[in-house]
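Order of listing sets the numbers, starting from 1, for every ligand and every atom in it. These numbers come from a predicted model, not from an experiment.
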Amino acid sequence: MTIALSPSASLSIGTQAFLDRPKRLFIGGEWVESRSGEMIPVLNPATEQVIAQVQAANADDVDLAVAAARRAFEGEAWSRMRPVDRERLLLRLADLLEANADEFAQLEALDNGKSVTLARQIDVALAIDFLRYVAGWATKIEGSVLPVSVPFNRERDFFAYTNRHPIGVVGQIIPWNFPLMMACWKIGPVLATGCTTILKPAEQTPLSALRLAELVQEAGYPAGVVNVITGYGNPAGAALAAHPGVDKVAFTGSTRTGKLLIDAARGNLKRLTLELGGKSPAIILPDADLDLAIPGAAMAIFFNNGQVCAAGSRLYVHRSIFDRVMAGVADVACSLKVGNGLEPDTILGPVVSQQQKDTVCGYLRAGLEAGAEALVGGKAMDRPGYFVEPTVFVNTSSDMSIVREEIFGPVVCAQPFDEVDQVIAAANDSPFGLAASLWTRDLAHTHRLASRLKAGTVWINCHTVVDAAMPFGGFKQSGWGRELGRAAIDSYTEEQSVCAML
Ligand code: NAI
Ligand code: MG
């Protein structure tokens, strides 16, 4: 199938060739068809055109993938692989990703709708960086020697130490907002620690995970270490989450689905890490550098169309500068180049799906009905594709659904504040606690404020800066556990104490 594009946006030969290949499930190192015989159409949200069909895995496919992952976990090729060779394979995978970076950026733009330029600079770059970062951990998963006292046996000496063992077979369920980056954040620690995985990308954006599986194969991983199954949340994700042969589930997505996974983990008490939603505040203090803070607060929400778990969707601005900041944020909203993500100068593409567009527009209507005022935006764009106007709401209050709930769209809700204590209380008044940003020139004061924010990440004079070395995750209903950094290794290993009487 050849994709019709505007003249400025042509697909590379590699991307077109990938689109033309039949899509299958990657199980046990083989490309196989689903037992269900069903396919899922893959859409380009900018055109609403079907660009591919992927397999719809069912519970039988999940059984096969879990069995393959278990065989690989126990097999000599993987379980006895030296740490330095796990590192080398991860570095090779990162190199392959880098060599195909432009193709991945195009796939993300086609499948998710996002800007191909930003996908290359952010999504793909962070994915490569993380694989290289986590590769280094493969040789540094250490325990410690413990100075035990053993009060009830003073006659003998003891030698005690800790070890870390890979948890085992991991089910990894990811969302559609950063498909490749989420896939790499998930498989990276699996491959560094010696676990195995069944990765399920979101049904809206399955393409880059399938292409990544081809690179896993090319890198030379033993069969079954990485399995990729495309399918719907139910049945495929649900079967994976409840499977007794899965030792851990790692999930990124909605808080609603995250809570279902807690029930699903019950049967075998599988380990669970959850990266869930957010309603993150950006706080602009009266002394902030507004040349930095205005575009910063605007991109905190408009980057990736607000489809970012850490998006700065609540904006608190000191009353003395409120009107000026809001006029500036509204100007940025109007200036963003809207278009098909494949066009290199696009900043704002469509949201990912008709469903997401309906959800966002439902919140826009609810906000207007509740008395919020849209300085700009407020509705869907009148053009094909799932485009929504970037929207800046003022006259909002903390009881409105647009202020309390995650919209996951290009919608910011602003409120003025007078006192620091008042804004900290307002910022923390949320069931979520993923992130927050503070904009100020008074750095000493800011570090004290940062520690009062109930958020997994606090940014100062920036927003949505994520890095391989920096743990990422949520307080409160934004999740359980942390990704990235050393935390990623800890959450894919079980700590074991060994004690010998000498
Ligand atoms: P979702 O949480 O339902 O989907 C995320 C992943 O979970 C997908 O792979 C999906 O197939 C899978 N899934 C769905 N139901 C499942 C189940 N019962 N068992 C196992 N896996 C299941 O999110 P959805 O419906 O795509 O988006 C709804 C809202 O969730 C968004 O509007 C947004 O507010 C939030 N969201 C948050 C994300 C984040 O990064 N924190 C990412 C995506 C969505
Ligand atoms: Mg798509």
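Close N/O approach between Ala241 and ligand 1 is not found [any backbone or side-chain N/O within under 3.5 Å]. Taking only nitrogen or oxygen atoms, main chain and side chain alike, Tyr232 does not reach within less than 3.5 Å of ligand 1. Geometrically, ligand 1 and Gln356 share a nitrogen or oxygen pair separated by less than 3.5 Å. Residue contacts with ligand 1: Asn234 is placed with no nitrogen or oxygen under 3.5 Å of a nitrogen or oxygen of the ligand (distance criterion only). Where the criterion is an N or O separation shorter than 3.5 Å, residue side chain and backbone included, Phe408 fails it with respect to ligand 1. Ligand 1 has a nitrogen or oxygen under 3.5 angstrom from a nitrogen or oxygen of Thr257. When only interatomic distances are considered, the shortest N/O to N/O separation between Gln355 and ligand 1 does not fall below 3.5 Å. Considering both main-chain and side-chain atoms, Gly253 comes within under 3.5 Å of ligand 1 through a nitrogen or oxygen pair.
Heavy-atom contacts of Cys309 reach the following atoms of ligand 1: 39 (C), 40 (O), 41 (N) (cutoff under 4.0 Å). Heavy-atom contacts of Pro175 reach the following atoms of ligand 1: 42 (C), 43 (C) (cutoff under 4.0 Å). Residue Thr252 approaches ligand 1 through these ligand atoms, each under 4.0 Å from one of its heavy atoms: 40 (O). Proximity to Leu260 (heavy-atom distance under 4.0 Å) selects the following atoms of ligand 1: 18 (N). The Lys200 neighbourhood of ligand 1 comprises atoms 9 (O), 10 (C), 11 (O), with distances under 4.0 Å to a heavy atom of that residue. Heavy-atom contacts of Ile174 reach the following atoms of ligand 1: 6 (C), 8 (C), 9 (O) (cutoff under 4.0 Å). Taking every non-hydrogen atom of Gly237 and a distance limit under 4.0 Å, the qualifying atoms of ligand 1 come out as 19 (N), 20 (C), 21 (N).
For the pair Asp102 and Arg120, the salt-bridge criterion is met [side-chain N within less than 4.0 Å of a carboxylate O]. Contact check on Asp63 versus Arg35 returns no salt bridge, with no Lys/Arg side-chain nitrogen under 4.0 Å from an Asp/Glu carboxylate oxygen. Using a cut-off of 4.0 Å between Lys/Arg side-chain N and Asp/Glu carboxylate O, Lys279 and Glu405 are scored as not salt-bridged. Salt-bridge annotation for Lys357 and Glu48: absent, with no side-chain N of the basic residue lying under 4.0 Å from a carboxylate O of the acidic one. In this structure, Glu275 does not pair ionically with Arg482, as no charged nitrogen and carboxylate oxygen lie closer than 4.0 Å.
Contact annotation for Thr255 and ligand 1: no heavy atom of the residue comes within less than 4.0 Å of the ligand. Counting heavy atoms closer than 4.0 Å to ligand 1, residue Leu276 contributes backbone atoms (N, CA, C, O) but none from C-beta onward. Contacts between Gln307 and ligand 1, counted as non-hydrogen atom pairs separated by less than 4.0 Å, are absent for every part of the residue.
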Phe475 vs Trp480, ring pair (Phe, Tyr, Trp, His ring centres under 6.0 Å): CA-CA, chis, key distance, verdict: CA-CA 8 Å; Phe475 287 22; Trp480 287 353; over 10 Å; no
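Here the heavy atom of the protein found nearest to atom 13 (N) of ligand 1 is Gly233 CA, 3.3 Å. Taking atom 28 (C) of ligand 1 as the reference point, the nearest protein heavy-atom neighbour is Ser254 CB, 4.3 Å. With respect to atom 34 (O) of ligand 1, the closest heavy atom belonging to the protein is Glu406 OE1, 2.8 Å. For atom 11 (O) of ligand 1, the closest heavy atom belonging to the protein is Glu203 OE1, 2.6 Å. For atom 24 (P) of ligand 1, the nearest non-hydrogen atom of the protein is Trp176 NE1, 3.8 Å. The protein non-hydrogen atom at the shortest distance from atom 25 (O) of ligand 1 is Arg256 NH2, 4.3 Å.
The option with the heavy atom closest to atom 19 (N) of ligand 1, from among Gly258, Ala238, Gly278, is Ala238. For atom 7 (O) of ligand 1, the nearest non-hydrogen atom from the set Tyr363, Phe251, Phe432 belongs to Phe251.
A cation-pi arrangement, defined by a distance under 6.0 Å to the six-membered ring centre and an angle within 45 degrees of its axis, is present between Lys248 and Tyr492. Taking the centre and axis of the six-membered ring of Phe18, the NZ or CZ atom of Lys23 falls inside the cone set by 45° and 6.0 Å. Arg383 forms a cation-pi arrangement with Phe387, by the criterion of a distance under 6.0 Å to the ring centre and an angle within 45° of the ring axis.
Proximity of Tyr316 to Ile284: side-chain heavy atoms (C-beta onward) are nowhere separated by under 4.5 Å. Asn227 places none of its side-chain heavy atoms less than 4.5 Å from the side chain of Phe26. Leu484 places none of its side-chain heavy atoms less than 4.5 Å from the side chain of Met470. Using a 4.5 Å cut-off on side-chain heavy atoms (C-beta onward), Leu97 and Leu93 make no contact. Using a 4.5 Å heavy-atom threshold, the side chains of Lys114 and Gln307 count as separate. Counting heavy atoms from C-beta on, the side chains of Glu38 and Asn58 never come closer than 4.5 Å.
For Arg21, the CZ atom is densely surrounded, since the number of other residues' heavy atoms within 6.0 Å is greater than 12.
Under 3.5 Å, the side chains of Thr197 and Gln172 contain a donor-acceptor pair of N or O atoms.
Protein heavy atoms are absent from the 4.0 Å sphere centred on atom 4 (O) of ligand 1.
Checked options Ile402, Leu315, Val376; the residue passing with Phe393 is Ile402 (criterion: side chain to side chain contact (heavy atoms under 4.5 Å, CB included)).
Contact analysis puts Ile173 in contact with ligand 1, with a non-hydrogen atom separation below 4.0 angstrom. Proximity of Leu261 to ligand 1 is established by a heavy-atom distance of less than 4.0 Å. Residue contacts with ligand 1 leave out Met182, since none of its heavy atoms falls under 4.0 Å from the ligand. Look at Phe178 and you'll find every heavy atom at least 4.0 Å from all atoms of ligand 1.
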